[in-house]
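Here's the structure, in structure tokens; my notes come after.
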Amino acid sequence: MSTIFSGAIPTNQAGFGGTIGNDFIVNHTGTVDALLWYQPTLLPAAVRVTVGLYDTETAVLLSSAASVAPLIAGAWNSVALPAPIALTPGKVYRAAAFQNQQIAWFGNMLNGVYRFASPFTVMEHGGRTSGGGALTFPTFFTNDAYAVDVNFTATEPCAPCPPCPPTEGL
């Protein structure tokens with residue numbers, strides 16, 4: 001399994017809530033079975049975080065799930081999606097999380113395009129919508145990478161075909 005941030009600790013935290021997220025592209029076929037977010041330590045842990053995976057081309061919510069308490073402060077938390085979601089290489093997806101009390105982010109990671117190690121080739125934009133309520137489709141407006149991640153499993157390539165039998169003497 002792979003994640004975008006590989007467990008790195010975000011460099012910034014703030015004591016306000018909203019929907020945060022990141023756009024990303026994968027270069028292998030595979031599935032996402034859980035979304036992760038970094039739970040800051042500024043305030044008592046949020047009681048519940050709602051996560052969602054979007055298709056950015058159509059703005060369709062592909063799947064969402066809600067966490068259950070207790071959350072672990074100062075750590076990456078995760079919530080499993082109801083079913084794994086198949087991703088198409090080269091397509092832009094958005095992982096988002098609604099956090100009602102606090103958010104975390106990596107500052108100035110994205111200068112136009114930020115390149116990650118395989119299987120994630122590009123992550124564009126970071127962003128936040130403020131205010132309360134349910135998970136909403138975020139509007140992205142900064143060059144920060146918000147601390148929302150995916151648990152991605154690449155599909156194994158098929159085994160090479162065996163060599164063809166000799167054709168001489170037929």
### Query
Given side chains that start at C-beta, do those of Thr3 and Phe152 come closer than 4.5 Å, heavy atoms only?
no
On a heavy-atom basis, which atom in [X] and which in [Y] lie closest, and how many Å separate them?
X: Gln39; Y: Asn77; answer: CB-ND2, 3.3 Å
X: Thr41; Y: Ala73; answer: CG2-C, 3.8 Å
X: His28; Y: Pro89; answer: C-CG, 3.5 Å
X: Pro84; Y: Thr31; answer: CB-CB, 4.0 Å
X: Thr88; Y: Tyr93; answer: N-OH, 2.8 Å
X: Ala80; Y: Ala34; answer: CA-CB, 3.9 Å

Flag, side chain of [X] to backbone of [Y], donor-acceptor distance under 3.5 Å:
X: Asn151; Y: Leu35; value: no
X: Ser67; Y: Val49; value: yes
X: Tyr54; Y: Ala95; value: no

### Message
Distance check, rounded to the nearest 0.5 Å: Asp55 atom CG versus Ser63 atom OG?
### Response
13.0 Å
### Query
Out of Leu53, Asp149, Thr153, Leu62, which one pairs with Val32 under the side-chain contact (heavy atoms from CB on, under 4.5 Å) rule?
Leu53
### Message
Just to verify, which of Val92, Val148, Leu87 counts as forming a side-chain contact (heavy atoms from CB on, under 4.5 Å) with Phe24?
### Response
Leu87
### Task
Just say parallel, tilted or perpendicular for the rings of Phe5 and Trp76, cut-offs at 30° and 60°.
parallel
